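Keep in mind it's a predicted model, so treat the numbers as computed, not measured.
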Amino acid sequence: MAQLLTCAAQGNEHYTGLAARETAQALKTLAQAARGVAASTTNPQAAASMLDSACDVMEGSAMLIHEAKQALVSPGDAESQQRLAQVAKAVSHSLNNCVNCLPGQKDVDMALRSIGEASKKLLGETLPPSTRSFQEAQSELNQTAADLNQSAGDVVHASRGSSTQLADASGKFSEDFDEFLDAGIEMAGHTQRKDEQIQVIGNLKNISMASSKLLLAAKSLSVDPGAANAKNLLAAAARAVTESINQLITLATQQAPGQKECDNALRELEAVKGMLANPNEPVSNLSYFDCIESVMENSKVLGESMAGISQNCKTGDVPAFGGCVGLASKALCGLTEAAGQASYLVGVSDPNSQAGHQGLVDAIQFARANQAIQMACQNLVDPDSSPSQVLSSATIVAKHTSALCNACRLASSKTANPTAKRHFVQSAKEVANSTANLVKTIKALDGDFSQENRNTCLVATAPLIEAVENLTAFASNPEFASVPAQISNEGSAAQEPILLSARAMLDSSTHLLKTARSLVINPKDPPTWSVLAGHSRTVSDSIKGLITAIRDKAPGQRECDYSIDNINRCIRNIEQASLAAVSQNLASRDDISLEALQEQLTSTVQEIGYLIDPISTAARGEAAQLGHKVTQLAGYYEPLIRASVGVASKLQVHQQQMAFLDQTKTLAESALQMIYAAKEGGGNPKASHTHDAIAEAAQLMREAVDDIMVTLNEAASEGGMVGAMVDSIAEAMGRVSGMTKSVTCPEEMGGLASRVTTDYSQLALQGRLAAHTAEPQEIGFQIKAGVQELGHGCIFLVQKAGALQITPSDSYTKRELIECARTVTEKVSMVLSALQAGNKGTQACITAASAVSGIIADLDTTIMFASAGTLNAENDESFADHRENILKTAKALVEDTKMLVSGAASGQDRLAQAAQSSAKTITQLTDVVKLGAASIGSDDPETQVVLINAVKDVAKALAELIGATKCAAGKAADDPSMYQLKSAAKVMVTNVTSLLKTVKAVEDEATRGTRALEATIECIKQELAVFQSKDVPEKSTTPEEFIRMTKGITTATAKAVAAGNSARQEDVISTANLSRKAIFDMLTTCKQAAYHQEVNKDVRSRALLYGTECTTGYIDLLEHVLLVLQGPTAEQKQQLVFYSKRVAGAVTELIQTAEAMKGTEWVDPEDPTVIAETELLGAAASIEAAAKKLEQLKPRAKPKQADETLDFEEQILEAAKSIAAATSALVKSASAAQRELVAQGKVGSIPANAVDDGQWSQGLISAARMVAAATSNLCEAANASVQGQASEEKLISSAKQVAASTAQLLVACKVKADQDSEAMRRLQAAGNAVKRASDNLVRAAQKAAFHKADDDNVVVKTKFVGGIAQIIAAQEEMLRKERELEEARKKLAQIRQQQYKFLPSELREDEN
């Protein structure tokens, strides 16, 4: 009826019709039951009352359905809604009257009325005068409390019995309540202080309400013993009575602490006894091994408490005695709870038992919250409540209403019923709104405790109580309730040892506490001491028995032993079959076909495969399921062996028989290993040492299943048997519809049909998950329907494929197969379109992330232009023209960020909208920031870079946020990805705030440097967080590159110290920009180098550690610079050196770590000798390439053919570049070596004057310069030769000069140097390479010249005079050339003589 009302009010015709049909069926059952009760009742009046009340229910229900129909016609009509609610209340009242007519119910109602009448005594303004002494009143209160507590237990037991027993128990309970109430009022009269008296009366009211709740729960259980959670609700009500009594006793008997604690403990033990009565429902959330730990811990506490009780009785320390009794009581309750939970787990773990399942909501939680809220509201409106009590009650209301709202939210997310989902959400809103209204009135009452405010508060409590009661009634719907376990007889027998030990423990503990209670008053009584010792021994023995029973009855152990024996027997059977196959005596089974055996075997192996993961999960943490799963597994092996032997007997080839039987045996042995590992794990989540063995055994078993499935499917595919494949696809379709089985197919199969089966199985698995998470639900239905239709198409396709294998020549079957394939293709496209429709948000996030990545790259380019001083505005705009636009766009981006974060928890549509909006806004923001930066002008590039860096930080944060949103979409609130999303959102907000501050500070010359430094510090901290994450970089780099990047840290550190000393804003801005780049480059290369595949873990850890230390040290340095800027003092500036030394130390450690990455092959990349070696070798390679190209050139008959040799030009240019680099490195190397020799005193420092201008005046440096000049001339000559502008002779001459100058450089290096040094050997090898390359170039040029000479055509004149003239001209040219040659030789000799004057003595000897 509750669903009928909700659906009718919402206008949902479908669910209203379902609810109406269910209501009609329930009314039919009610009518039959009412007639049966009336027929079996001996009292005619009671029978007539039952029938009359049932008639009222029928009439009211008919009117209710009629009104529901009217409400559906006009769903928004307030009048019809009101009539519907009134009729529903009338039906509810008739139902209550009908239930009250049941035998025994009237007695309970009478008891309830009696309690209500008695409770009116508490409403009087004055208490009756006391007629007894305080001791008598206290004793009477204790006695009546014990009687009431006992009566509450009797009511609990009687509710499970007959109606007569319940009537007697409820009557006795009401009588004991009257006596207890009188004793409590008497005790309140002895209370001197008014506030204490009010507290006693308040506790009596709580006991009255708890007693009424107990009788109502007992009444409900007696009416419907099988109702879900009814027993738990009754036990909770009984415990509430006990707790309320204990609170009153504690308050009223503070003068006797020892007696009070003992009485409280006895009542608590009496209350928890019910846990051991019939443990077929879970007592707590403890696992079996948690129960064992709880028993061990509580038994230890109990032992210490018992010793303390005895010791404090002897010494007379009554407060300490009371404390020990309280600890003992808590320990005993914990032991009882653990024993009850353990016995439940033992019972449900029996294979013949059926475990219950958790309901949608916890009805006990709702009932407790309802009771607590009602009590708190009663205290709120009580005129005698003190301000502290009002605040305490308000806290209780807020706590429980919050818990109810959270429970509703979870229930609405779990249920698939849309009506129930909306009802839970609406109920939570009503509770929240009424709570908010009540809190407002409570605040007003707290400010002024006037009668008017109390009345307002009273009015505000009514809607809250009504909303909570309606919610509790709806939550108690059997549809949402937990289903209790069905414990088998074997399971009950296994529970008995635990329950007997626990009961013995409680009984002996009760006697011990009673004895201790008398001893603390009279500790000189020897017989009582001996009784106490006897009870202590009994308690100890019962706890030992409890621990032994729990350990011996661990769930699943007995079933594991049985399964091991069963599988061992199967292995022996398969071994016997293997021996028969070896001797070729394996009898063939003629009673069944090979195809039937294969299908039976395939089905069995698949079922075994399904159980691997459940057994693995149960062995690691679900002890209650272990016995069920291993028993199921063992049950499959007998049919597996029979089918396997049958298949082998029908195979004709002996090797196939043996291979098949061996695979079956391997599968059985892997299962045996799996069960041994599962038994060792036992379902204990803390036995982590067994989890690896369980995972390994599960993997081996999967491989065995896959192997045998490959063999079976290959055999089936060859024979055209597709039945097993069809079954696989059908089971996969069942999984999409909600079945729990999964299909395991081998990854590789021989035929098309088996591949289709495998692919569809995977599709079904992913499709079910996609349909479950898709939003809106219509998309999920589309995905589910599409995958199922695809499954039908795959079945037809596989069947046609099997038919075609049997009859390959059947053209009709071929056409059908083609048609089926076309159908499958269409179905696949439908599934894809449904998936894309349900994935809008994620796709939009991917697109937005790509767009933001492009924006970041564009900003990097803009920073390069700004740094180069080329970023200028297109017109005469100022930054102020863009400031407001930037601020407005940044605020819009913040709003988009909020939408993005909320979109992760919303649907895909909202997520897509948020992602698109954020990408659009960041594009606009970067555009306006770039315009603003350009308007600053290229004369202030550092400020431009600061501004662009700020928006780049925002873009990077947005990229991280979009990625986190994509990962968190659709996840639960407690999922780790949601925490990452929140963290990314915080970074985003921080960076936007930083941008806003930077924009505001750009035009303020006094603060923009400080702002830039603050932004840099924050950005470096964020980059450090990324560096410290566990993410592995996508690429790696070399240690040399890492070293190069650390050099920037040193430069930036020096600049930071200088900026701190100068305190100029321009220096600070420059430092901020340089620091950002240096730290970013260092962190990136450090992580990339650390994760290089050749770097071991220790070196990696060192690199990451020192990278972090270097960054934190640099952050401290920048923060100190910031401090200096705010208030510069001489002392603070001196401390800059300390911070810079700390950074330098970390850089040194980083460099040493980089050297350790390279090991023994380490060379300093900045060493000039190393650079020279590298560049010389590069130059040599370039010259070699040029030489080879020159050899291939054809002689040029005409200059215009030079454009065909453009490739050679490129070679020459490349050689020129390499030679230029080599020249620079050589000069550095020569300079370093020269300084070293001067420092060692081996070479004197020669003053630079006009006289010492020769080649050797500066030793190595001049030699290096000669190499540079010669190689440069070589490049020019070669290039000119290619262009036809110079002769090959010039090229040859230049190449020879390169070789000669390189030789001179090597000679210069040998002077005063260590001949065996590594640097010397490397330079020697590089020089030799250059010499060889030059020689090759010379030979190539000579060869080209030779070809040219061969190809030159000489035209000889035939006339006599002309011929003589031609000879004379040739001889003249020859003589002129000889004279020019002689003059050139003389000139060369003079040059060398002049240069020889400045040659050092060492070189003269070598020259000689």
Practice task
Under the ring pair (Phe, Tyr, Trp, His ring centres under 6.0 Å) rule, collect the residues that match up with Phe173, sequence neighbours excluded.
Solution key: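 Residues passing ring pair (Phe, Tyr, Trp, His ring centres under 6.0 Å) with Phe173: none at all.
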Under 3.5 Å: donor-acceptor pair, side chain of [X], backbone of [Y]:
| X | Y | value |
| --- | --- | --- |
| Ser402 | Ala398 | no |
| Lys421 | Ser412 | yes |
| Thr415 | Ala411 | no |
| His93 | Ala88 | no |
| Ser114 | Met110 | no |

Would you say [X] and [Y] make side-chain contact, with heavy atoms under 4.5 Å?
| X | Y | value |
| --- | --- | --- |
| Gln378 | Thr461 | no |
| Lys172 | Asp168 | no |
| Leu30 | Leu95 | yes |
| Asn470 | Glu466 | yes |
| Leu471 | Cys408 | yes |

How long is the span from the [atom1] atom in [X] to the [atom2] atom in [Y], to the nearest 0.5 Å?
| X | Y | atom1 | atom2 | answer |
| --- | --- | --- | --- | --- |
| Arg35 | Ser40 | CZ | OG | 12.5 Å |
| Leu215 | Phe177 | CG | CZ | 9.5 Å |
| Glu430 | Leu464 | CD | CG | 11.0 Å |
| Asn433 | Thr401 | CG | OG1 | 11.5 Å |
| Thr456 | Ile442 | OG1 | CD1 | 12.0 Å |
| Ile373 | Ile465 | CD1 | CD1 | 9.0 Å |

Exercise for the section: List in chain and number order the residues that pass side-chain hydrogen bond (donor to acceptor under 3.5 Å, both in side chains) with Glu59, two or more places apart in sequence or in another chain; answer none if no residue qualifies. Expected result: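 Applying side-chain hydrogen bond (donor to acceptor under 3.5 Å, both in side chains) to Glu59 gives none.
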Completion exercise
side-chain hydrogen bond (donor to acceptor under 3.5 Å, both in side chains) filter on Ser393, not counting sequence neighbours, yields none
Non-hydrogen atoms of [X] and [Y] that approach each other most closely:
| X | Y | value |
| --- | --- | --- |
| Ala210 | Val241 | O-CG2, 3.5 Å |
| Val91 | Ser61 | CG2-N, 3.8 Å |
| Leu214 | Ala237 | CA-CB, 3.8 Å |
| Ala158 | Gln165 | CB-O, 3.5 Å |
| Ser208 | Ile115 | OG-CG2, 3.9 Å |
| Ala376 | Ile396 | CB-CG2, 4.0 Å |

Practice task
Report the C-alpha separation of Arg454 and Leu458 in whole Å, then their side-chain angles, then the decisive distance to 0.1 Å, and conclude whether the side chain to side chain contact (heavy atoms under 4.5 Å, CB included) test is met.
Solution key: CA-CA 6 Å; Arg454 286 190 183 275; Leu458 174 62; over 6 Å; no
Problem - Neighbour count >12 (heavy atoms, 6.0 Å) for atom CE, Met63 - result: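 For Met63, atom CE is not crowded (no more than 12 foreign heavy atoms under 6.0 Å).
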Practice task
Answer yes or no: does atom CD of Gln913 have more than 12 heavy-atom neighbours from other residues, nucleotides or ligands under 6.0 Å?
Solution key: no
Handout entry: Donor-acceptor side-chain pairing of Glu469 and Gln374 below 3.5 angstrom
Key =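 There is such a pair (donor and acceptor under 3.5 Å, judged by atom type) between the side chains of Glu469 and Gln374.
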Handout entry: Whether His423 and Phe474 hold their rings parallel, tilted or perpendicular, with breakpoints at 30° and 60°
Key = parallel
Practice task
I would like to know whether Leu84 and Leu64 meet side chain to side chain contact (heavy atoms under 4.5 Å, CB included); could you show each step before the answer?
Solution key: CA-CA 7 Å; Leu84 185 63; Leu64 176 67; 3.8 Å; yes
